[in-house]
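Read through the structure below, which is laid out as structure tokens, and then see the notes.
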Amino acid sequence: MRRLLFKSLIHSPLTEPRPPASSLAVGELVHALDGAARRRLGRSLAIRAVDAGSCNGCELEMNALGNAFYDLERFGIRFVASPRHADVLLVTGPMSRNMREAVRRTYDATPDPKWVVALGDCARDGGCFAGSYAVMDGVSAVLPVDLHIPGCPPPPVEILKGLLALLEGVNSKAATP
Amino acid sequence: MKQGTPSTLTDIAAAGRRAEHHAPFIRAAVPTDSWNLAVEHLAEGRLTLLDLWGEAGAVHIALLDEEAGEAAVASLECPDGRYPSVGRRHPPAIRLERAAADLFGLVPQDTPDPRAWLDHGQWGFVHPLGTRMPAAASPYHFLPAEGGSLHQIAVGPVHAGIIEPGHFRFTASGETIVRLEERLGYTHKGIEGLMAGAGIDRAAGLAGRTSGDSTVAYAFAFARAAEAALGIAVPPRAAWLRALMAELERLANHLGDIGAVCNDAAFPLMLAHCGVLRERVLRASDAAFGHRLMRDRIVPGGTAADLAEDGAAAIRALLANIRARFPALVRLYDNTASLQDRTVGTGRLSTALARQYGAGGYVGRASGRRFDARRAFACPPYDELAFDVPVLAEGDVNARVWIRIREVEQSLSLIEQILRGLPAGPVRADVTASDGPREGAATREGVATREGMAIVEGFRGDVLVWLRIAATGLVERCRLRDPSWFQWPLLEAAIEGNIVADFPLCNKSFNCSYSGCDL
């Protein structure tokens with residue numbers, strides 16, 4: 001273990017430079033955000049991940065955000081264990097009917113101001129699961145969605161771009177009351 | 001199978017009426033006494049249950065004779081919607097029966113557990129794939145655990161980490177768990193319902209989204225079932241590329257999970273290093289096949305595209321990198337007493353239970369069950385490649401980690417062999433069935449429907465796909481069975497007597513799929 005730790009000291013880190021914020025995502029965001037709430041957020045973003053019936057592909061890529069290459073926390077973005085600690089609900093899946101009540105309760109437990117980000121193609125409109133008796137065809141059927149990050153699943157860098165856009169939108173608006 | 005000794009499976013199938021076209025295994029509609037005989041064989045351990053599923057007016061069981069290396073499907077027609085319960089004699093069938101009851105309204109007679117499973121009373125009606133009827137609200141009753149000083153801990157469906165939703169009901173005496181009951185079904189998307197009436201290509205896409213971490217395994221199994229049904233031969237290069245993807249997927253998942261198990265034992269250094277290796281596998285997969293998880297890359301008839309120009313080089317560089325770094329991590333795992341203290345002896349699964357439930361993958365192989373679909377039902381190129389199937393008997397978290405470590409090493413070797421032996425040629429055969437009624441041999445023989453089944457070794461264990469294609473070329477009924485159907489109940493057994501704080505560790509060492517079972 002000592003050798004591994006020592007090696008980590010002398011090698012340059014794996015972490016890669018931050019990607020530019022996605023302009024498309026910023027566009028969606030401008031409509032979505034409320035000025036007063038932005039001022040209160042500050043320079044950090046706490047995310048509660050909620051799986052509303054995904055195939056677990058989006059979860060894999062969300063987890064990848066924590067690895068040394070992306071190192072999500074350097075942006076002031078972190079995943080938290082409770083909706084009560086969260087600014088953002090990151091919701092995946094076509095919104096299964098069996099998860100509807102749990103998702104609603106999670107949203108209600110999240111303090112204001114809060115944002116909902118729908119992650120992945122099926123979170124937008126049900127994707128390939130649309131039309132099934134068991135799904136609601138997208139997260140917006142249950143929660144007010146502020147931002148959508150497309151992909152099946154979106155690779156970590158796309159999730160990062162979307163989250164940065166959310167942050168930058170929040171901070172730039174906060175600076176100009 | 002040994003010459004001259006008719007296997008139990010053959011006997012059962014011989015008593016029934018063979019399905020006209022069901023490849024490559026036999027399917028027979030059997031009379032009730034043969035059905036009961038099959039159940040008897042299951043209960044006494046001579047056969048292993050691979051799956052149980054329903055459709056309107058019939059119920060099917062897929063059976064495995066492990067010694068003979070044979071599989072077959074027995075079907076029981078039940079026009080009145082009732083059939084003799086398999087779960088009554090053979091508990092591994094219980095959840096499968098509950099799911100079939102929810103979807104089709106098929107009633108297993110004398111079942112020990114008539115509660116709903118996938119149906120949480122949220123769809124607005126019952127029996128979505130059978131005769132739909134208005135739902136009547138009924139509360140879900142968890143199984144009781146009674147005694148002095150017991151308390152319950154309810155967890156989920158929304159968990160503290162980035163994981164799938166499910167509900168765990170612990171009954172504990174102090175810190176010690178005396179009963180765990182799982183309630184799943186939260187991610188039920190109605191995949192089998194969407195498949196009915198879908199074209200082959202759309203159905204293949206849905207199959208690949210059954211469980212995201214096994215997207216290659218599911219697409220692989222679906223493609224092979226479709227090809228078996230339609231009698232399509234896959235070009236050799238495509239077969240080899242599929243195995244390459246399957247091994248990359250196994251590698252990525254094992255590397256990620258080895259780190260994650262250690263992280264749940266409060267040892268994040270392993271997670272950090274294994275996370276780096278997993279990311280490198282995903283990036284090499286992206287370079288080789290154009291998608292990090294290789295989604296939609298395996299299609300009926302072959303693969304969607306050939307290996308990218310610099311793909312082989314990217315994968316070779318990956319192999320070199322993992323070979324340079326992984327052994328030090330294995331030594332770190334093996335030499336860290338504080339970590340071993342958490343994993344050795346924790347969450348022990350007995351060999352008897354693993355065998356009874358036909359546990360696949362590392363869960364079965366860490367508890368003495370040798371089954372590996374790459375061996376038992378070897379498809380090209382696995383029949384030409386050299387690899388070991390590691391087996392341990394301890395059945396604890398540590399054994400499951402070690403099986404994963406050994407499988408990483410085997411996958412590295414397999415990937416190297418595949419790159420070396422990869423034949424040239426086309427990567428996709430023509431699949432015309434999805435365009436409409438098939439002309440030619442099948443129609444002339446008067447075969448209205450064609451059925452196929454495939455068993456493919458995913459990283460968790462054997463994924464089974466059963467498929468019936470109608471004369472129109474559309475999917476009539478498709479069944480996707482995740483290995484987790486038989487692993488989830490074993491987690492309930494393995495956790496008994498452990499402390500609540502060790503649940504994450506045990507759970508992660510099983511790493512069952514929620515979406516794969518909820519469908």
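In what follows, every chain begins at residue 1, and chains take the letters A, B, ... in the order their sequences are listed.
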Interchain contact, [X] with chain B, by part (heavy-atom threshold 4.5 Å):
{"X": "A:Phe129", "answer": "both"}
{"X": "A:Asn67", "answer": "side chain"}
{"X": "A:Ala130", "answer": "backbone"}
{"X": "A:Val80", "answer": "backbone"}
{"X": "A:Thr106", "answer": "side chain"}
{"X": "A:Pro153", "answer": "both"}
{"X": "A:Ser54", "answer": "backbone"}

Check your understanding: Checking side chain to side chain contact (heavy atoms under 4.5 Å, CB included) for the pair B:Ser515/A:Glu59: CA distance, chi angles, key distance, verdict?
Key -> CA-CA 12 Å; B:Ser515 182; A:Glu59 279 64 36; over 6 Å; no
Below 4.5 Å, heavy atoms only, C-beta onward: do [X] and [Y] meet side chain to side chain?
{"X": "B:Arg278", "Y": "A:Asn63", "value": "no"}
{"X": "B:Arg209", "Y": "A:Cys152", "value": "yes"}
{"X": "B:Leu282", "Y": "A:Glu61", "value": "yes"}

Minimum heavy-atom separation for [X] and [Y], please, with both atom names.
{"X": "B:Glu279", "Y": "A:Ala64", "value": "OE1-CB, 4.0 Å"}
{"X": "A:Ala134", "Y": "B:Gly190", "value": "CB-N, 3.8 Å"}
{"X": "B:Leu194", "Y": "A:Gly131", "value": "CD2-C, 4.4 Å"}
{"X": "B:Tyr186", "Y": "A:Met99", "value": "O-CG, 3.4 Å"}

Handout entry: Any residue of residues 117-134 of chain B which, by heavy atoms, sits under 4.5 Å from chain A
Key =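 Result: B:Leu118, B:His120, B:Gln122, B:Trp123, B:Phe125, B:Pro128, B:Leu129, B:Arg132.
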What part of [X] gets within 4.5 angstrom of chain A, counting heavy atoms only: side chain, backbone, both, or neither?
{"X": "B:Ile162", "value": "both"}
{"X": "B:Ile163", "value": "backbone"}
{"X": "B:Arg325", "value": "neither"}
{"X": "B:Ser214", "value": "neither"}
{"X": "B:Tyr333", "value": "neither"}
{"X": "B:His159", "value": "backbone"}

### Message
Taking the ring of B:His188 and the ring of A:Tyr133, is the distance between their centroids below 6.0 Å?
### Response
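Yes, ring centres under 6.0 Å apart.
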**Request:** Keeping the roles fixed (side chain from A:Asn56, backbone from B:Gly212), state whether a donor-acceptor pair exists under 3.5 Å.
**Result:**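 Yes, A:Asn56 side chain to B:Gly212 backbone: donor-acceptor pair under 3.5 Å.
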Please answer whether the main-chain N or O of A:Gly53 pairs with a side-chain N or O of B:Lys189 as donor and acceptor at a distance below 3.5 Å.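 Answer holds: yes.
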Review point. Can you tell me if CZ on A:Arg104 sees more than 12 non-hydrogen neighbours from other groups inside 6.0 Å?
Key: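 Atom CZ in A:Arg104 is crowded, with more than 12 foreign heavy atoms closer than 6.0 Å.
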**Asked** Quick one: of A:Gly57, A:Ala81, A:Cys58, A:Cys122, who has the most non-hydrogen atom pairs under 4.5 Å with chain B?
**Response**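 The candidate making the most pairs under 4.5 Å is A:Ala81.
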List the steps and the verdict of side chain to side chain contact (heavy atoms under 4.5 Å, CB included) for B:Val158 and A:Arg48. CA-CA 10 Å; B:Val158 178; A:Arg48 181 72 266 258; 3.4 Å; yes
